[in-house]
Amino acid sequence: GSKVLAATKNAGVFISADSGSNWSPFNSGLTAVNIRKVIVTPNYIYLFTETGDVYQSQGSNWAAIQLGLPVGVKPTSLTFFNHKLVLGTMGSGVYIRDEVVGQWQAFNQGLSNLNVTSVVAQRSKLFAGTEGDGVFVTDTAAIDWKTTAPTTIPHTVLMGLNGKNI
C-alpha cells in the first residue's frame, strides 16, 4: 500500500502505511496539534498550525522552520514549486523558502495587498489571492507581482488549478 497523511484540527497528524487500514500518530516535535495545512514534496512533508508555526519532516520527527518569518506570522496557505516552498500569510504577504538554503524570504515586490489568503503554483507562475484586491501573478524566475485581469470578486479565499485554469 501507499502512505497516507491525515491532518486534524485538535489531534495533530496521523499516518497510515497501508492505504488507511491502520493509523498512527505522527506528532513528534510538534508543539501544537491544530493543523491547518499539510503538503508533501519529493523530499519533505510540510505543515503549518493554527498558531502560525511552520514545520518540516522527512518522515520521523517534525522540526520548526521559522527562520526568516516575522514573529506572530499568520499563515493562510502553502504551495510548492522547483524545490521552493511558498507561504501565503495574512498581513505579511508571501514568503518563499528554498529547501536547500532553508531560510524564509519575503517576496512582496509589486504586491499591493499583504493579506494573502491563498497561493498556488503552476508551471512557471505563482498566483496569490488576496483579501480585497483580487488575484496577483508573478513569474517564478523573478518575483514581481502584477494584478491579473479585473475581477468582480475582490476577496479570494481559496484557489485551485485544473490543468491550465485557475
Side-chain angles (χ1 to χ4, degrees), residues 1-20 22-109 111 114-130 136 138-143 145 156-161:
S2 60
K3 290 185 179 180
V4 179
L5 292 170
T8 69
K9 184 174 181 179
N10 296 311
V13 181
F14 288 82
I15 191 164
S16 171
D18 55 11
S19 299
N22 297 286
W23 293 92
S24 301
F26 178 36
N27 297 321
S28 180
L30 294 178
T31 58
V33 292
N34 47 355
I35 311 304
R36 296 286 308 270
K37 176 79 173 181
V38 62
I39 66 169
V40 178
T41 71
N43 299 314
Y44 298 98
I45 305 165
Y46 295 97
L47 65 77
F48 68 83
T49 67
E50 193 171 288
T51 56
D53 300 320
V54 185
Y55 292 89
Q56 168 185 311
S57 176
Q58 285 187 298
S60 56
N61 296 318
W62 293 100
I65 54 170
Q66 301 296 110
L67 185 62
L69 290 175
V71 174
V73 69
K74 296 176 183 160
T76 58
S77 50
L78 198 58
T79 193
F80 183 78
F81 77 97
N82 296 340
H83 301 286
K84 291 179 176 52
L85 195 62
V86 182
L87 183 70
T89 70
M90 187 59 69
S92 300
V94 175
Y95 284 79
I96 296 181
R97 182 182 190 272
D98 188 292
E99 281 190 310
V100 177
V101 177
Q103 181 170 332
W104 293 101
Q105 293 183 336
F107 280 95
N108 295 323
Q109 174 72 33
L111 192 61
L114 299 182
N115 290 325
V116 176
T117 56
S118 55
V119 291
V120 69
Q122 183 184 43
R123 294 186 190 88
S124 64
K125 301 286 184 195
L126 287 177
F127 297 87
T130 64
F136 289 76
T138 186
D139 186 77
T140 57
I143 306 297
W145 297 100
T156 309
V157 177
L158 180 66
M159 290 187 299
L161 295 175

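None of these values were measured; they are calculated from a predicted model. Sequential numbering from 1 along the given sequence is applied to the chain's residues.
Looking only at atom types and distance, the side chain of Thr41 has no donor-acceptor partner in the side chain of Asn43 under 3.5 Å away.
In this structure a side-chain-to-backbone donor-acceptor pair under 3.5 Å is missing from Trp23 to Val4. Side chain of Asn22 to main chain of Ala17: no donor-acceptor pair is present (N/O by atom type, distance under 3.5 Å, no hydrogens or angles). For the pair Glu50 (side chain) and Arg36 (backbone), a donor-acceptor distance under 3.5 Å is absent. Under a 3.5 Å cut-off, the side chain of Asn115 and the backbone N or O of Thr130 do not form any donor-acceptor pair. Counting only distance, with no hydrogens or angles, the side chain of Thr76 and the backbone of Val116 share a donor-acceptor pair below 3.5 Å. Side-chain N or O atoms of Thr140 include none that pairs as donor or acceptor with a backbone N or O of Lys125 at under 3.5 Å.
Nearest heavy atoms, Ser57 versus Phe26: OG-CZ, 3.4 Å. Pro75 and Gly52 make their closest contact through CD-CA, 3.4 Å (heavy atoms, listed as atom of the first residue, atom of the second, distance).
Checked against side-chain contact (heavy atoms from CB on, under 4.5 Å), Phe107 has the following partners two or more places apart in sequence or in another chain: Ile96, Gln105, Ile143. In this structure, the side-chain contact (heavy atoms from CB on, under 4.5 Å) partners of Ser28, at least two apart in sequence or on a different chain, are Asn61. Listed by chain and residue number, nothing satisfies the ring-ring contact (aromatic ring centres under 6.0 Å, His included) test with Trp104 (two or more places apart in sequence, or in another chain). Take Tyr55 and apply the ring-ring contact (aromatic ring centres under 6.0 Å, His included) test, not counting sequence neighbours, and it matches no residue. Shown here are the side-chain contact (heavy atoms from CB on, under 4.5 Å) partners of Val40, two or more places apart in sequence or in another chain: Leu5, Ile45.
The line from CD of Gln56 to CD1 of Ile65 is 5.0 Å long, rounded to the nearest 0.5 Å. To the nearest 0.5 Å, atom CZ of residue Arg97 and atom CG of residue Leu85 are 7.0 Å apart. For the atom pair Thr79 OG1 and Ile39 CD1, the distance stands at 6.0 Å (nearest 0.5 Å). Rounded to the nearest 0.5 Å, atoms CG (Asp18) and NZ (Lys3) are 11.5 Å apart. Note that OG1 of Thr89 is 8.5 Å distant from CG of Leu69, once rounded to the nearest 0.5 Å.
Thr138 places none of its side-chain heavy atoms less than 4.5 Å from the side chain of Val94. Counting heavy atoms from C-beta outward, Tyr95 and Pro70 have side chains that approach closer than 4.5 Å. A heavy-atom distance below 4.5 Å is not found between the side chains of Leu126 and Val119.
Between Tyr44 and Tyr46, the two ring planes are tilted [angle within 30° to 60°].
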| Step by step, would you call Val38 with Val13 a side chain to side chain contact (heavy atoms under 4.5 Å, CB included)? | CA-CA 9 Å; Val38 62; Val13 181; 5.5 Å; no

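For residues 73-96, the salt bridge (charged side-chain N to carboxylate O under 4.0 Å, His left out) pairs, not counting sequence neighbours, are Lys84-Asp98.
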